[in-house]
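See below for the structure under consideration.
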Amino acid sequence: MQIQRSSRSPEQVAARIADWLSREVGESVAVEVVGGVNSNGLSSDTLVLDASWAGGGERFVTRAAPTAEDVPVFPSYALGHQRDVIRLVGELTEVPVPQIPYADLEGSALGTPLFLMRHVEGVVPPDVLPYNFGDNWFADASLDEQRRLQEETVGVLAALHDIPDAEQVFAFLAEGQPGRAGSPEQHLQRVREWYEFAAADVGRSPLVERGLAWLAAHPPTVARPGEAVLCWGDARIGNVLFRDFRPVAVLDWEMAALGPREFDVAWLVFAHRVFESITEVLAMPGMPHVLREEDVVGAYAERTGVRLGDLTWFSVLAGVQWACVFLRTGARQIHFGEIERPEDIESLFHHKLLLERILDEAGAAR
């Protein structure tokens, strides 16, 4: 299943990167596209490239911000911040992250910022089709192997949240944002702005606005009020390369932010629930034994000694954010002629029933 992310052709991208990389290396570089990343991620342009020159060569994975014409998922792409977070995580923790030897933050190669990551061998639980549909390496693994992957992923969150002085080290992630750095209120304001950006092209969602109203009226409960840790942001197993069910590269840092610990843990659980809600509609067995909230929260407490607060607020926030993603990816599919504009814009939400259920359970007014 191919989902178009960009109007740039792979060959065009390779040629432009070859010109730019030749200037960086100081000699002529040949670049060949050897693969794309089509089963996961819907935001940044991503290709696997082989680059060769007289003095050497490497395999890289691109990370490039989309053009405005290609209907970006996010209002802005701070690739410099992403690069700096990855570098600092690599320096300060044992969390495996890709190396970034080359970056073009001015956009001289493609017109938008990009960086090149050294290729890491590994496998990812697929998004398209979702891993819990079955017939893939993760779904076919033993229960012990699936549990190992889950525990190791929780370990990534624990290590990230354990970085000392995160508010100072990663202060750049909150620059220009009103309110206390990493506060739930700051996250809510950012999501409000994201929704307005997403709705502008395809229309407004009563369900999202119901969620936003509930979030504004119900402050969350957190384990450590006033604390802001480094949050991965898009904390889900589909953003990790694994070997032997252990992480070898933690990817996709576009949503990295300062915030409460609950933000990442709720996202990890909710992302799996989105896929489970799809299999539920399709009357498929799914993988209900994986990434259950009680298991993840318990494993997190064992790793950190921190018993998290109630995750309801952060689950609703995650549901609203996923809706923003679906609004933008839907708008992109409309833009590229892959689907017709639906009469009901909420039909773009693959998690609509799940979000409705969570809002009902939270007592959100209809």
Hey, is [atom1] on [X] packed in by over 12 heavy atoms from elsewhere, all under 6.0 Å?
X: D360; atom1: CG; value: yes
X: E340; atom1: CD; value: no
X: E91; atom1: CD; value: yes
X: Q168; atom1: CD; value: yes

Hey, what's the ring geometry for [X] with [Y], parallel, tilted or perpendicular (30° and 60° as the breaks)?
X: W322; Y: F270; value: tilted
X: Y102; Y: W20; value: perpendicular
X: H218; Y: W214; value: parallel

In plain terms, say whether D344 and K352 are close enough for a salt bridge, that is, a side-chain N and a carboxylate O under 4.0 Å apart. yes
Pair R332 + D201, salt bridge at N-O below 4.0 Å: no
Can you confirm whether the side chains of [X] and [Y] place a donor and an acceptor under 3.5 Å from each other?
X: D144; Y: S142; answer: no
X: R190; Y: H187; answer: yes
X: Q150; Y: Q146; answer: no
X: E209; Y: Y195; answer: yes

Measuring from atom CZ of R224 to atom CG of L308, what distance do you get when rounded to the nearest 0.5 angstrom? 9.5 Å
Any donor-acceptor pair under 3.5 Å linking the side chain of [X] with the backbone of [Y]?
X: H81; Y: W253; answer: no
X: D104; Y: F115; answer: no
X: R328; Y: P72; answer: yes
X: W232; Y: L251; answer: yes
X: T112; Y: A65; answer: yes
X: E276; Y: M287; answer: yes
X: Q189; Y: P178; answer: no
X: E262; Y: A223; answer: yes
X: N136; Y: F138; answer: yes
X: T62; Y: A64; answer: no

Of all heavy-atom pairs between [X] and [Y], which one has the smallest distance, and what is that distance?
X: V120; Y: R243; result: CG1-NH1, 4.2 Å
X: I345; Y: R204; result: CG2-O, 3.6 Å
X: P96; Y: P247; result: CG-O, 3.5 Å
X: P126; Y: F275; result: O-CE1, 4.4 Å
X: E356; Y: R210; result: O-NH1, 4.4 Å

So, for H272 and Y131, is the gap between ring centers shorter than 6.0 Å? yes
F326/H351 aromatic ring centres below 6.0 Å: yes
R148 charged N/C atom sitting above F242 aromatic ring, 6.0 Å / 45°: no
Between E293 and R273, is a salt bridge (Lys or Arg N to Asp or Glu O under 4.0 Å) present by the stated rule, with each step listed? CA-CA 10 Å; E293 181 175 319; R273 292 185 68 184; 5.1 Å; no
State yes or no: do W313 and V296 share one hydrophobic cluster built from I, L, V, M, F, W and Y residues joined by side-chain heavy-atom distances below 4.5 Å, directly or via other members? yes
